[in-house]
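Counting convention: from 1, in listed order, for ligands and their atoms alike.
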Amino acid sequence: MIWNEAKECMSRDEIEALQSARLVKQVNRVYHNVEYYRKKMQAAGLEPGDIKGIEDLDKLPYTTYQDLRDTYPFGLAAAPRSELVRVHASSGTTGKPKIAVYTRRDIDIWAECVARCLSMAGITKDDIIQVGYGYGLFTGGLGAHYGAEYLGAMVLPMSTGNTQKLIDMMIDCDVTSIACTPSYLLHVAEDLEKAGLIDKIKLKSAICGAEPWTDEMRDQMEARLHIKAYDIYGLTEMMGPGVACDCEYHKGLHIWEDHFLPEIIDPATQKQLPKGSDGELVITNLTKEGMPLIRYRTKDLTSIEYDTCECGRTMARIQRFRGRSDDMLIIRGVNVFPSQIETVLISNGYPANYLIIVDRQKNTDSIEVQVEMTNEMFSDDLNTIHAREKKLVDALKSMLGIRANVHLVAPKTIERSEGKAKRVIDKRNLYQN
Ligand code: DLL
């Protein structure tokens with residue numbers, strides 16, 4: 001279903017003309033309103049007038065996560081404080097989160113983008129949708145919520161953490177759609193099967209994202225729950241969920257090019273690559289006012305197709321993600337950087353000899369951190385070791401927001417590597433190559 005044909009099916013010429021006009025406006029906005037961007041552009045020898053359209057995009061410097069850290073929390077805000085109405089955040093590499101701020105108009109545009117995604121999944125104002133993404137600083141809950149309301153659907157703001165209640169209300173309220181992480185939906189499917197309740201649900205569709213997932217996972221959830229499942233992509237820095245979503249043909253995720261200008265770069269040379277190439281996705285916010293980012297390096301590896309989709313939409317399609325160009329892990333929908341774990345270990349007096357093992361069993365991610373004790377702290381008293389492990393579990397929970405199991409091991413038992421240390425073993429194989 002095409003919800004807003006005028007916007008979703010513009011000709012390529014119309015899209016590019018709109019992007020050019022919006023890019024020029026956005027560059028002027030950040031140059032005049034954000035000192036950090038002004039200095040960055042000046043250092044690159046650029047004046048706003050040098051950017052005349054999208055053909056000049058590659059003259060502009062990139063924005064990276066480091067820029068967000070340098071300006072934390074509000075140094076990249078491009079609107080006065082009195083116009084900012086919302087803050088969201090996601091994990092950064094060490095303690096400080098990545099922050100995004102929004103004006104009222106940003107919130108409206110975000111809701112519209114999510115509404116377009118939901119309508120791609122066939123959702124209308126007659127649907128009843130459960131939002132099972134976390135509400136709070138994470139963009140998933142409120143992002144999906146506002147989008148569903150914008151569309152006129154009825155929303156049950158479930159958030160995360162109570163599967164039994166989610167299932168009860170799914171049945172009692174005749175819920176027809178659900179928005180949550182794909183791994184969580186498979187977990188819900190399992191509980192429904194165990195309780196013999198599959199026949200009692202009225203679910204037709206699911207909008208899953210916030211973490212990578214495979215076609216096999218889609219096949220499984222569609223077969224087990226008798227639904228159609230759609231993939232939704234987004235990131236806090238750009239907006240939140242709803243940057244892109246796939247249609248019923250599943251030939252990639254349509255990115256809303258009237259608001260986001262995507263490009264693909266080679267992460268090693270940092271050069272823009274020709275259309276169709278594989279590389280790192282870089283996105284420019286074309287309409288965001290609160291904290292618009294110019295050429296933001298997402299670290300997500302993919303390619304983009306520009307031909308018109310079988311569904312009729314002309315908006316470009318981001319292909320399956322092949323991985324990330326950094327070491328970020330997504331565990332139960334939460335972004336985790338190994339460096340955050342290392343920070344906790346070191347600040348608790350442990351050496352940087354550790355191994356992170358990520359696994360998925362029964363659709364639930366688990367993370368175990370094996371940590372070497374120093375000779376001084378080594379003890380064979382189990383009570384002492386358990387007390388130490390518990391302290392680390394608590395410290396990691398407060399840094400990461402999720403529980404990681406900790407296993408203290410004797411000194412010199414974690415294999416040393418001669419080259420780059422291998423700190424992470426991810427047994428899940430979530431990216432398709
Ligand atoms: O995960 C926003 C979101 C919420 C998207 C709900 C979809 C649904 P962050 O926490 O900032 O934002 O994490 C962003 O998650 O750069 C990708 O690496 C990954 N990611 C998000 N959606 C997908 C997806 C939200 N559909 C980071 N497929 C991104 C693969 C995804 N990876």
task = Can you spot which of R38, H32, K39 makes a side-chain hydrogen bond (donor to acceptor under 3.5 Å, both in side chains) with E35?
result =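 Result: among R38, H32, K39, K39 is the only option passing the side-chain hydrogen bond (donor to acceptor under 3.5 Å, both in side chains) with E35.
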With the threshold set at 4.0 Å, does a side-chain nitrogen-carboxylate oxygen contact exist between [X] and [Y]?
X    : Y    : answer
K390 : D394 : yes
D168 : K165 : no
R320 : D215 : yes
R322 : D278 : yes
E257 : R313 : no

Looking only at distances, please establish whether an N/O atom of ligand 1 is found under 3.5 Å from an N/O atom of [X].
X    : value
T236 : yes
M328 : no
W213 : no
I232 : yes

What is the nearest protein non-hydrogen atom to [atom], stated with its residue, atom name and distance?
atom                    : answer
atom 25 (C) of ligand 1 : G234 O, 3.5 Å
atom 22 (N) of ligand 1 : A210 N, 3.1 Å
atom 16 (O) of ligand 1 : D300 OD2, 2.6 Å
atom 28 (N) of ligand 1 : E211 O, 3.4 Å

A side-chain contact here means heavy atoms from C-beta on lying under 4.5 Å apart; do [X] and [Y] qualify?
X    : Y    : value
T284 : Q19  : no
H187 : K362 : no
Q370 : E368 : yes

[X]: numbered ligand 1 atoms lying under 4.0 Å from its heavy atoms:
X    : answer
G140 : 4 (C), 6 (C)
S90  : 10 (O), 11 (O)
D231 : 24 (C), 26 (N)
R324 : 16 (O), 18 (O)
I330 : 15 (O), 18 (O), 19 (C)

message = Suppose we call two aromatic rings close when their centres sit under 6.0 Å apart. Are W110 and Y146 close by that rule?
response =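 Ring centres of Y146 and W110 not closer than 6.0 Å.
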Could you tell me whether [X] approaches ligand 1 through its side chain, its backbone, both or neither, with non-hydrogen atoms closer than 4.0 Å?
X    : value
L235 : both
Y233 : both
N335 : side chain

